[in-house]
> 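This structure is in structure tokens; I'll ask about it shortly.
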Amino acid sequence: MKKIVLLLVPALVLSCSKNEEKNDTPKSVLLGTWKITKKVVNGEIKELYSDCDANETFVFQEKEAINESYEKGKFNPFNNNLECRSKKEVYPTYEYKKEENKLYLETEANGKPLMVPQKITLENNNTQLTIYDNYNAEKYYKVYTKQNK
């Protein structure tokens, strides 16, 4: 009987550790760079201009998240290009709660840190991230695709 128990314990430990490796922790699912692929405003899909809107990214690192978007600027007649202005939002910490489908981004209100929840979904084997507007989720949201490392 002792031999059976001694054989089962290592097998049980190995099977548990293998299962833990397969299950991504919520934060590890988000780690990396996500590039915008779709933007919905007032229920309509908006065109992503290749030189501005289409360059938006959301980068999740171990401790912080950075959302960099671009606004259309002036047309530059010297190089025949539309200039884009970068707008970078840095969130010093973030949390993902899978059971709530929420991403909590730390921001500042009245000089104090505040965790603001964003409704999100992860689809296509965790390669597609949708972030919904908190007040009108059906009409305003952005879809990002995870970039290869």
Side-chain angles (χ1 to χ4, degrees), residues 9-76 78-149:
V9 171
L12 186 60
V13 169
L14 286 174
S15 68
C16 288
S17 64
K18 285 182 182 176
N19 287 339
E20 286 175 14
E21 289 172 15
K22 288 181 183 177
N23 295 332
D24 286 330
T25 59
K27 209 166 201 176
S28 71
V29 169
L30 292 175
L31 290 176
T33 300
W34 299 78
K35 188 169 177 141
I36 194 165
T37 53
K38 183 178 178 182
K39 182 178 182 180
V40 175
V41 176
N42 202 20
E44 294 181 17
I45 297 172
K46 292 295 180 185
E47 182 180 347
L48 297 176
Y49 297 97
S50 61
D51 47 0
C52 287
D53 294 339
N55 290 321
E56 181 174 338
T57 58
F58 226 119
V59 179
F60 293 93
Q61 299 170 350
E62 278 295 324
K63 296 189 181 218
E64 69 180 6
I66 303 164
N67 180 222
E68 186 167 17
S69 59
Y70 298 86
E71 297 174 347
K72 288 182 272 181
K74 296 184 240 174
F75 180 76
N76 185 339
F78 298 109
N79 62 9
N80 206 26
N81 283 330
L82 182 65
E83 294 177 352
C84 301
R85 291 179 292 206
S86 171
K87 179 182 174 189
K88 201 179 263 192
E89 295 176 272
V90 178
Y91 304 98
T93 61
Y94 68 94
E95 273 184 64
Y96 169 51
K97 295 192 179 178
K98 185 177 181 177
E99 63 280 354
E100 296 177 24
N101 284 336
K102 295 224 172 146
L103 171 66
Y104 291 84
L105 298 168
E106 182 183 329
T107 187
E108 195 174 288
N110 299 324
K112 296 181 181 178
L114 174 69
M115 294 298 273
V116 177
Q118 300 285 316
K119 180 184 174 199
I120 69 168
T121 58
L122 279 162
E123 298 175 320
N124 295 337
N125 204 22
N126 295 331
T127 61
Q128 183 177 316
L129 169 68
T130 304
I131 301 178
Y132 298 90
D133 181 282
N134 282 336
Y135 301 104
N136 205 340
E138 306 84 40
K139 292 188 174 187
Y140 295 90
Y141 59 91
K142 293 179 180 179
V143 179
Y144 299 85
T145 301
K146 193 165 195 175
Q147 302 301 292
N148 293 333
K149 294 180 180 180

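As the structure is a prediction and not an experimental result, all values here were calculated from the model.
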> Report the relative orientation of the aromatic rings in F58 and Y91; use parallel for angles under 30°, tilted for 30 to 60°, perpendicular for over 60°.
parallel

> Please set out all donor-acceptor pairs under 3.5 angstrom arising from side-chain atoms of residues 98-122, sequence neighbours excluded.
{"residue": "E100", "atom": "OE1", "partner": "Y104", "partner atom": "OH", "Å": "2.5"}
{"residue": "E106", "atom": "OE1", "partner": "T93", "partner atom": "OG1", "Å": "2.4"}

> How about E62: does its CD atom have over 12 heavy atoms from other parts shown lying under 6.0 Å from it?
no

> Less than 3.5 Å apart, which donor and acceptor atoms pair up between the side chains of residues 39-48 and the rest of the protein, not counting sequence neighbours?
none

> Just distance, no hydrogens or angles: give the donor-acceptor pairs under 3.5 Å from side chains in residues 63-70, sequence neighbours left out.
{"residue": "N67", "atom": "ND2", "partner": "E56", "partner atom": "OE2", "Å": "3.3"}
{"residue": "N67", "atom": "ND2", "partner": "T57", "partner atom": "O", "Å": "3.0"}
{"residue": "E68", "atom": "OE2", "partner": "Y70", "partner atom": "OH", "Å": "3.3"}
{"residue": "E68", "atom": "OE2", "partner": "S86", "partner atom": "OG", "Å": "2.6"}

> Between CZ of F60 and CG of L31, what distance do you get to the nearest 0.5 Å?
9.0 Å

> Any sub-3.5 Å donor-acceptor pair from N124's side-chain atoms to T127's backbone N or O?
no

> Between Y141 and K38, is there a cation-pi geometry (under 6.0 Å to ring centre, at most 45° from the normal)?
no

> Answer whether the closest heavy-atom distance between the side chains of K139 and D133 falls below 4.5 Å.
no

> Could you tell me which non-hydrogen atom of L30 sits nearest to which non-hydrogen atom of W34, and how far apart they are?
O-NE1, 2.8 Å

> What heavy-atom pair brings I36 and D53 nearest, and what distance separates the two atoms?
CG2-O, 3.2 Å

> To the nearest 0.5 Å, how far apart are OG1 in T37 and CG in L129?
9.5 Å

> Test your reading of the model: is there a side-chain donor-acceptor pair from Q147 to the backbone of T145, 3.5 Å cut-off?
yes

